[in-house]
2 protein chains.
Amino acid sequence: MAKKASAQLSEYLAGQGLKSTSQRDKILAVFVEAGRHLSAEELYARIKKVHPGIGYATVYRTLKLLAEAGMAEERRFEDGFTRYEYKTSEGGHHDHLICTRCRAIVEFENERIEALQQDVARNNGFLVQSHKLEIYGLCSACQGKKNKPA
Amino acid sequence: MAKKASAQLSEYLAGQGLKSTSQRDKILAVFVEAGRHLSAEELYARIKKVHPGIGYATVYRTLKLLAEAGMAEERRFEDGFTRYEYKTSEGGHHDHLICTRCRAIVEFENERIEALQQDVARNNGFLVQSHKLEIYGLCSACQGKKNKPA
DNA sequence: TTGAAATTGAAATCCATTTTCAATTTGTTG
DNA sequence: CAACAAATTGAAAATGGATTTCAATTTCAA
């Protein structure tokens with residue numbers, strides 16, 4: 001998986017007249033490895049452990065690059081941080097359930113909701129380009145607990 | 001309508017041990033008058049024309065206050081600005097269609113989508129607190145036009 | 001009327017993100 | 001392989017929307 005990802009990146013870079021660098025490869029590897037929904041900050045923290053030389057700005061820049069390459073998706077939830085999600089070529093569109101207490105994020109897909117969105121858009125004369133559905137609430141683990149922790 | 005709004009604000013302020021001020025009244029009046037989805041910046045611009053003495057920070061603070069009072073709702077779309085929407089006591093929840101070209105915002109309500117969201121949440125053990133659905137696309141007026149303007 | 005507490009405007013600060021810039025690296029060309 | 005133009009990097013500075021600070025002013029209960 002990581003190998004395919006770096007190949008995909010190289011291909012994109014070559015096609016754009018951009019250059020492959022060890023930093024980009026390393027950042028991508030950690031990003032893919034880490035799982036989903038990382039903020040630049042979180043990713044930088046992970047990178048730093050393995051590759052202390054890599055700078056802050058490079059992580060930000062690479063994340064933006066991956067988004068342009070179609071390999072990552074930018075997400076802005078309500079906590080002020082931009083998060084990036086690794087986008088496998090197969091993985092279809094999905095939306096998010098977000099726990100307001102522990103910040104857990106659960107992904108879901110629902111075709112009926114998507115279809116209804118198309119209907120709504122059509123009824124208003126809109127041509128849909130993208131959409132964003134976030135459901136905020138308490139996950140099952142947090143429903144029993146007391147009020148906000150820290 | 002504006003009268004009811006200022007009465008509602010006064011009531012909230014009194015209940016919280018906060019104070020009524022002419023600035024708050026004026027800001028609220030312009031906010032209610034202006035219609036929906038104003039950023040603090042936009043509201044400040046409007047305020048400045050009528051009440052040049054009112055400061056920037058006060059507009060921000062008042063908007064946050066109105067949100068706390070339940071009289072306004074904070075919305076963050078993808079353009080980086082926090083927008084506020086005047087919330088009438090009757091007006092139910094609604095979502096948004098947003099034109100990516102001209103930034104027009106159309107509101108809609110769809111009970112079936114809401115119901116499906118509840119289903120999705122329940123299936124994942126979530127207790128819903130709020131949600132956010134934004135559909136981005138081209139409005140009918142913009143579909144015929146060439147690429148991005150400015 | 002008085003004074004403690006809240007509020008204000010202006011400016012300073014915050015903070016995630018972006019940009020600048022000199023130094024370094026890449027990869028193409030000869 | 002050498003040489004160079006263009007891209008990239010890291011560190012630090014800048015950006016920009018939003019928030020906070022602070023001294024001065026206003027509110028409102030007593």
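Numbered from 1 within each chain, the chains take letters A, B, ... in sequence-line order.
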Enumerate the protein-to-nucleotides 28-30 of chain D contacts in which both atoms are nitrogen or oxygen and the separation is below 3.5 Å.
residue, atom, partner, partner atom, Å
D:dC28, OP1, B:Ser20, N, 3.2

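Remark: C1' of C:dC15 and CZ of A:Arg76 are 15 Å apart, rounded to the nearest angstrom. The distance between atom OH of B:Tyr84 and atom P of D:dG17, rounded to the nearest whole Å, is 14 Å. When rounded to the nearest whole Å, the span between CG of A:Leu66 and P of D:dT8 equals 13 Å. In this structure, CG of B:Leu43 is placed 12 Å from P of D:dA18, rounded to the nearest angstrom. Nucleotide D:dG17 holds its P atom 18 Å from the CZ atom of B:Phe77, rounded to whole Å. Atom CD of A:Glu41 and atom P of C:dC14 are 16 Å apart (whole Å). The CG atom of B:Asp79 sits 15 Å away from the P atom of D:dG16 (whole-angstrom rounding). Atom C1' of nucleotide C:dT26 and atom CG of A:Leu13 are separated by 12 Å, given to the nearest angstrom.
Side-chain contact between B:Tyr84 and B:Leu43: absent, with no pair of heavy atoms (C-beta onward) separated by less than 4.5 Å. Residues B:Ser140 and A:Phe126 are not in side-chain contact: their nearest non-hydrogen atoms beyond the backbone lie 4.5 Å or more apart. Contact annotation: the side chain of A:His93 never approaches that of A:Glu109 to less than 4.5 Å [non-hydrogen atoms, C-beta and beyond].
Inspection of the B:Thr82 and B:Arg76 side chains reveals an N or O donor paired with an N or O acceptor under 3.5 Å. Side-chain atoms of B:His94 and B:Glu85 include a donor-acceptor pair closer than 3.5 Å.
Between A:Lys64 and A:Glu74 there is a salt bridge, since a side-chain N of the basic residue sits under 4.0 Å from a carboxylate O of the acidic one. Salt bridge annotation for A:Glu78-B:Lys132: present, with a cationic side-chain nitrogen under 4.0 angstrom from a carboxylate oxygen.
Partner of A:His37 under the side chain to side chain donor-acceptor pair (under 3.5 Å) criterion, chosen from A:His96, A:Arg103, A:Arg75, A:Glu42: A:His96.
Residue B:Thr82 places at least one side-chain N or O closer than 4.0 Å to OP1 or OP2 of D:dA18. Between B:Gln23 and D:dT26 there is no side-chain polar atom (N or O) within less than 4.0 angstrom of OP1 or OP2.
Nearest-nucleotide mapping onto DNA chain D: of B:Ser22 and B:Ala40, the residue sitting toward the 5' end is B:Ala40.
Within the shown strands, C:dA4 is the pairing partner of D:dT27 under the Watson-Crick or G-U definition, both distances less than 3.5 Å.
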Next on the checklist: Between B:Thr100 and A:Gln129, does the side chain to side chain donor-acceptor pair (under 3.5 Å) criterion hold? Intermediate values first, please.
Outcome noted: CA-CA 9 Å; B:Thr100 56; A:Gln129 293 171 327; 2.6 Å; yes

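Shown for residues 51-61 of chain A: residues whose heavy atoms fall under 4.0 angstrom of DNA chain C, namely A:Tyr56, A:Ala57, A:Tyr60, A:Arg61.
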